[in-house]
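Residue numbers start from 1 in every chain, and the chains themselves are labelled A, B, ... in the order their sequence lines are given, proteins ahead of strands. Excluded from the calculations below are hydrogen atoms, water molecules and symmetry mates; all remaining heavy atoms, backbone and side chain alike, are included.
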Amino acid sequence: MTNPTKIRARVTVTLKNGVLDPQGKAIESALTSLGVEGVEGVRQGKLFDIELAPAEAERARELLTAACEKLLANTVIENYRIELVEG
Amino acid sequence: MTNPTKIRARVTVTLKNGVLDPQGKAIESALTSLGVEGVEGVRQGKLFDIELAPAEAERARELLTAACEKLLANTVIENYRIELVEG
Amino acid sequence: MKAAVIVFPGSNREGDVARALKQAGADVTTVWHADTELPPGTDLAVLPGGFSYGDYLRCGAIAGRASVMDAVRAHAARGGLVLGICNGFQILCESGLLPGVLMRNAGLHFICRRQFLRVERNDTAFTRAYAAGQAIDVAIAHGEGNYVADEETLARLEGDGRVAFRYADRDGAVTPAANPNGSLNNIAGIYSEKLNVLGLMPHPENLIDDLVGGTDGRGLFQSLLAA
Amino acid sequence: MTVKEPAITPELVASHGLTPDEYERFKALIGREPTFTELGIVSAMWNEHCSYKSSRIHLKGLPTKAPWVIQGPGENAGVIDIGDGLACVFKMESHNHPSFIEPYQGATTGVGGILRDVFTMGARPVAALNSLRFGAPEHPRTRHLVSGVVAGIGGYGNSFGVPTVAGSVGFHTRYDGNILVNAMAVGIARTDGIFYSAATGVGNPIVYLGSKTGRDGIHGATMASAEFDENSEEKRPTVQVGDPFAEKLLLEACLELMQTGSVIAIQDMGAAGLTCSAVEMGAKGGLGVELDLDAVPCREEGMTAYEMMLSESQERMLMVLDPARQAEAEAIFRKWGLDFAVVGHTTDTLRFVVRHQGEVKADLPIRELGDEAPLYDRPWNEPVRPAVLDPTTVAAPVSNTEALIRLVGSPDLASKRWVWEQYDHLILGNTVQTPGGDAAIVRIEDGPKGLALTTDVTPRYCEADPVEGGRQAVAETWRNITAVGGKPLAVTDNLNFGNPERPDIMGQFVGCLRGISEACVALDFPIVSGNVSLYNETQGRAILPTPTIGGVGLVDDVTVHATLAFKRAGDVVLLVGETAGWLGQSVYLRDVAGREEGAPPPVDLAAERRNGDFVRGLIHGGRVSAVHDLSDGGLLVGLAEMALASGIGATLDPAPAELPSHAFWFGEDQARYIVTATADEADAIVAQAREAGVPLRRIGATGGDALRLGADEAISIEDLRRAHESWLPDYMAAAAS
Ligand SMILES: Nc1ncnc2c1ncn2[C@@H]1O[C@H](COP(=O)(O)OP(=O)(O)O)[C@@H](O)[C@H]1O
Ligand SMILES: [Mg+2]
């Protein structure tokens, strides 16, 4: 039984365009050498599945924005996106 | 100008239920101590934005599944999901 | 010289750097991450190596936002000396005291080995005991030391002489082969604008003893003591 | 919400790894049918991993005593006295099966577990070692396993902050389905600050410390003792995830707490978590234990008593605390951000009582859970000793220099730099000898003392002749410590074998133990801790018998030690020990001649001791410039390693006429060392050896940039280096498919 008003959100953090991604590059060449054909680019990002105490959607968005700005994303090199999932 | 038939996909990799997520735990308590209220759980995952050479959607899915099984996901402890984004 | 070594949960080279500082004659105290002030009279704040908060999320990210970092920022703003080694360098970047980021090593592996560095200039508080252009033999031990900054930042760092150390070969030549982790321009360490904050990936504190590898790391601590 | 517990059927009993006889024994012991939770508890206590039911009777005879042994086997780790009020605490443990299933997490949790064993005793870890065996390089899973295991060992140790200073890596097709990951940890404590696991005092609180409990590795300990079958990959969800960050906090918090004098007893939660730790603390102290599971910090919702008792969540400890100091203790744990919960207390009933949500879930006699565990004297076959191989019957398929280059670039002998560069071996600033030498040397804080550390075993010798192989593993460990100038003090072992229910495997086990015992006695090298890992077998194919030995020696003054690198041109090269050209079971025979046969080289323990003591004396007298012991690959491989470490070559006298030259250069006769010295010193050493009855001969001089064998064969150090350094990185970089 999940609490119906509990908030679930997914935050995705991706590298800004133009920022080098050594890990993505390495994965790209590893995939190619593993025989996965046609891979022309890989960029790695992070995601966070977050549970919040019950709150209005707007308030939840505020809190999640604060979480991203304060910690989850390094806004010098990363973009973030917040999605609220149904509770 | 992007090639209209080039395939873009997003692969998300998340920890299976019940698998310990030390990162998520540390992030959760950091958010709380940074004053973000109401955070009741954080699970961290990975995402990969992948570009593939033009191919049928079905073939692309096959290739991406191979990529996940061989490299992107540790299927012992992680689940993965493949989404094809419009080209 | 009063040095404050700041300990975060997960720091693990605080003892190593304290030993190097004491050897050079510093008076060393440790400061807990939850503290909000540095001890009165602190000349040098040190962020040691390790895996603060497990290096979870991004290396140095959580530590960069710990309450003690406000005190470190204030100390730096007053012109006080700040030294961040390895994880400490990552924390300085994450806290905004130094520009750029440290990304995963190009080879994707953690690397622990001896490494030569070229000392770019010897007119700072951190390097006066070395010669400019000197190659020193220290150690590296990191998984995410690949220094990246945008073009503009990089140009500014280079133009202002803010690169402190570069990965080099034993003759001091800065070559791609001598770059262990893919850092732009072989950058191993950088200064803040006023040259009072230094962040570097390598571990001079582990080369202070002939029995344990050599003594090329001592110069950095001796420089600070002369400051 | 209560979960209905399954009825106990013969199938359920079997799925808990208990035989019908064992189940009957348990029922007789408690005088009734067990509850589901009790079944779980007994399955954990009585499986091979916790009860040592197949090995116990054979372990009894091991030599475990010496005046410097403070604590032998039976505690979390062994303890020896190293003088100045200090003790060295160490142990080795396997994480073989988990690492095969999930190499990264399996290795991390292996390292985490062994570090916990050491700091539970009050010691601060100062070094970690490991011994790894993988399948054939061409096996499709090998690369993935190497990559994950190495990253996992580094991932944990590097973050925890302990230098990983030595180890070994080998490959053989017999490990294709069962790799070995043996991890060793070494710590330093004050002799008056050692903590034990026996509870004392009735009514004292039992405190849970560390991370929360989840459904990790339930039945992990059972898995560790189960033979693999083709379905084993389905057991995946039992994988535990390591959190080195939590463990680092646990270390600091425990050491801080121990300083306060409030800890009465402490035990880490390893295999079978709460069950094993609570039962052991009570049984050892002659007390009962009552647990209230409602107080256990849980990570997941709705965990049952059964799950909590069997969870193998990592980074947890159990402690008996002085009730007067509870608040002080709790404050320390809160400061480090760790869970601290009183989950029970000691009683005088000698019962193990578990309560959950108002119900008694288990009520068992505590001593009998351990003492009355099944004990098997399994039938075993005396191994058939192979015939000695006459070296004159082994033709040399290639020239000696060609053979050398093949050997230094072969999987077993190639440089393992790719591995140890992923381990932080420099942290703490005390690593006097890094990986790459015969034994690592770690200085004890500000010196002058240091520890010499190594792990060794030669599985192919053990397979051919378990007794000789057991002796050799101990002798090589002793020799490696000696070669750096250390005085060997004590060992830990990790006995990795196949299915003990097969008499041939049991024969290997018994034979190896006999050899190990003999060598430990002869070399004054007691066993103070260890671990047994059985059932390393897939579809009836067992691993090579692999009794890994971890050795600890003392270096009185770290400024006086030896390294293997040649120091200068013009030194005389001396060979200590007898060379009979023993090719049986040598790597030359296997990797160059393509044969695996013959008896392994005999180990003359008296000669080991005499030659080793002689060499150590030379080191202490400052009379030799470089020292290296000889093992895999024999004399020429040893010389090549000395040249590679220095960039200085050597010119060697031709092989003596009475032996085939390849037998002289590559034979694996034991009890041998190479030392170098100045010409004057060499004369004195030769004379002294003659007096002491130590076989010693001049075999050449250092210099140049090649190894020259007599007048007509030479090989450059550059060529050797390329072969030696490239195999592993090239192998790991090659595309997997
Ligand atoms: N897994 C490992 N971890 C750390 N060091 C290792 C590992 N494997 C090998 N080494 C190091 O490489 C060197 C050579 O190992 P090995 O060939 O097994 O030595 P030996 O035959 O003298 O016992 C040793 O210094 C050893 O400690
Ligand atoms: Mg050796």
**Prompt:** D209(C) versus chain D, heavy atoms under 4.5 Å apart: side chain, backbone, both or neither?
**Reply:** side chain
**Fill in**
In terms of heavy-atom pairs under 4.5 Å with chain C, the winner among G447(D), S159(D), G161(D) is S159(D)
**Prompt:** Between D556(D) and K449(D), is the closest basic N to carboxylate O distance under 4.0 Å?
**Reply:** no
**Request:** Say whether R166(C) and N186(C), considering side chains only, have a donor N or O and an acceptor N or O under 3.5 Å apart.
**Result:** no
**Message:** Just so I understand: if I count every heavy-atom pair under 4.5 Å between each of V558(D), D424(D), T431(D), V432(D) and chain C, which residue has the most?
**Reply:** D424(D)
**Item:** Heavy-atom contacts under 4.5 Å, residues 52-62 of chain C to chain D
**Value:** Y53(C), G54(C), Y56(C)
**Message:** Going by ring-ring contact (aromatic ring centres under 6.0 Å, His included), name the residues that satisfy it together with H109(C), two or more places apart in sequence or in a different chain.
**Reply:** W418(D)
**Request:** Identify which one of I187(C), I140(C), V174(C) satisfies the side chain to side chain contact (heavy atoms under 4.5 Å, CB included) criterion when paired with Y167(C).
**Result:** I140(C)
**Message:** Salt bridge check, D339(D) against K212(D): does any charged N sit closer than 4.0 Å to a carboxylate O?
**Reply:** yes
**Request:** Name the option with the most non-hydrogen atom pairs under 4.5 Å to chain C; the candidates are E252(D), K335(D), H561(D).
**Result:** K335(D)
**Request:** Tell me, please, which residues at least two apart from T260(D) pass side-chain hydrogen bond (donor to acceptor under 3.5 Å, both in side chains).
**Result:** S262(D)
**L428(D), part contacting chain C, at a heavy-atom distance under 4.5 Å** = both
**E725(D): salt bridge (Lys or Arg N to Asp or Glu O under 4.0 Å) partners, not counting sequence neighbours** = R417(D)
**Message:** Under a 4.0 Å threshold between the charged nitrogen and the carboxylate oxygen, would R73(C) count as salt-bridged to D70(C)?
**Reply:** yes
**Message:** Shorter than 4.5 Å, heavy atoms on both sides: which option in D243(D), V162(D), I427(D) has the most such pairs with chain C?
**Reply:** I427(D)
**Presence of salt bridge, K248(D) and E315(D), under 4.0 angstrom** = no
